[in-house]
Amino acid sequence: MESLLNRRTIRKYSGKEISEDLLEEILEAGCRSSTTGNMQVYSIIVTRDAEMKKALSPLHFNQKMVTEAPVMLTFCADFNRFSKWCRMRNADPGYDNFLSFVTAAIDAVIVAQTVAVAAESKGIGICYLGTTTYMAHKFIEVLKLPKGVVPMTAITMGWPSESPEQADRLPLEAVVHKENYHNYTEENINRFYAGKERREDSKQFIAENGKQTLAQVFTDIRYKKADNVFFSNTFLQVLKDQGFMNQ
Ligand SMILES: Cc1cc2nc3c(=O)[nH]c(=O)nc-3n(C[C@H](O)[C@H](O)[C@H](O)COP(=O)(O)O)c2cc1C
């Protein structure tokens, strides 16, 4: 609980390595995660090699954690291995569809988060990389992912060399609904987002980006519709190419 409640994303790492034994212990713990039907329809690609990090860096939009972290993990939805096993055992795998992709994606993200928590419990800092889904087609190339495998998320891992302030969160009341969903009134929204909007860093964000509201920083700068539509189309193509669209 202590490590969960005190956690923060770490983007700067000391040069110290993460030993093979420690990484294996963390991965073992991660793989104890719940998994759909105990199928473990995910794979984890470990990147330690400097050349590989260099190749992955532009795909993660040159975020410096990629080359500076001792270890990077890419978590993939993977029905390739399970389907091969089925075919070899005279069983006909019916996993070339969108639902199976979602199943494997859920498995991959669950294992990623357990690995993250296990690493953080050992004092290691982690950072997720959302660029994984944006550039999925390129990761498929560089990481040599076969049909049935789709990269879902990645984390960089290393010993922290920064101690940033904890990021804010919405109040629990804003995200937890008792018994059924209670839709938000304007009064709720104003109250739940007031803390975030009052923060000095939020005000700075608005000023730096020449915007009027914090929400505009998200809609107009950080997560723009045009980008979302573009990356949605590339990702849908990836799902087709990787055989998850009812082919
Ligand atoms: C799916 C996902 C993708 C993320 N992608 C990035 C990223 O590409 N670069 C980055 O610096 N942080 C990334 N983050 C980290 C978030 O920015 C961070 O979790 C959030 O700002 C809250 O901060 P905290 O984790 O310190 O509480 C990502 C987090 C998640 C869950």
Side-chain angles (χ1 to χ4, degrees), residues 1-13 30 33 42 44-45 47 53 55-77 101-102 104-139 142-143 150-172 174-175 192-193 195-197 199-206 208-209 214-215 217-219 221-224 227-228 230-232 234-235 238:
M1 287 298 275
E2 201 185 317
S3 132
L4 285 171
L5 290 172
N6 289 311
R7 70 157 299 281
R8 60 220 54 207
T9 288
I10 298 294
R11 299 179 176 87
K12 290 194 178 122
Y13 309 108
S33 298
Y42 57 79
I44 307 165
I45 320 277
T47 306
K53 287 180 196 161
L56 293 173
S57 175
L59 315 190
H60 284 297
F61 302 168
N62 297 312
Q63 298 191 75
K64 59 187 178 16
M65 301 80 82
V66 172
T67 45
E68 290 175 6
V71 174
M72 204 185 115
L73 303 174
T74 307
F75 297 87
C76 306
F101 163 70
V102 173
I106 291 172
D107 262 23
V109 172
I110 288 174
V111 80
Q113 181 55 15
T114 311
V115 166
V117 167
E120 288 175 334
S121 79
K122 293 283 188 180
I124 289 170
I126 69 102
C127 183
Y128 273 95
L129 298 169
T131 27
T132 316
T133 40
Y134 294 180
M135 300 296 279
H137 54 300
K138 295 283 181 190
F139 291 106
V142 175
L143 299 173
V150 177
M152 293 308 304
T153 194
I155 58 174
T156 52
M157 287 173 52
W159 300 102
S161 82
E162 62 167 354
S163 46
E165 266 193 43
Q166 256 197 322
D168 64 294
R169 289 292 191 269
L170 295 172
L172 204 56
V175 296
F192 294 152
Y193 284 85
K196 200 182 266 300
E197 288 171 331
R199 290 172 61 93
E200 274 315 306
D201 54 357
S202 299
K203 289 181 187 160
Q204 202 180 323
F205 251 164
I206 298 169
E208 273 169 10
N209 290 295
L214 182 61
V217 176
F218 285 88
T219 59
I221 313 271
R222 297 189 64 192
Y223 301 97
K224 290 197 288 255
D227 293 345
N228 294 336
F230 177 80
F231 290 121
S232 294
T234 16
F235 198 67
V238 162

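Order of listing sets the numbers, starting from 1, for every ligand and every atom in it. For reference, positions follow the sequence shown, starting with 1.
Looking at heavy atoms from C-beta onward, Ile206 lies in side-chain contact with Val217 at the 4.5 angstrom threshold. A heavy-atom distance below 4.5 Å is not found between the side chains of Ile10 and Met157.
With rounding to the nearest 0.5 angstrom, the OG1 atom of Thr219 is 10.5 Å from the NZ atom of Lys224.
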Distance-only check: which donor-acceptor pairs under 3.5 Å involve side-chain atoms of residues 64-77, not counting sequence neighbours?
unit_1 : atom_1 : unit_2 : atom_2 : d
Thr67  : OG1    : Lys64  : O      : 3.4

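Protein residues lining ligand 1, listed by chain and number: Arg7, Arg8, Thr9, Arg11, Gln63, Met65, Cys127, Tyr128, Leu129, Gly130, Ala167, Arg169 [non-hydrogen atoms, distance under 4.0 Å].
Using cut-offs of 30° and 60° on the angle between ring planes, the pair Tyr134 and Phe231 is parallel.
Counted within 6.0 Å of CD on Glu208, heavy atoms from surrounding residues, nucleotides or ligands total more than 12; the atom is thus considered enclosed.
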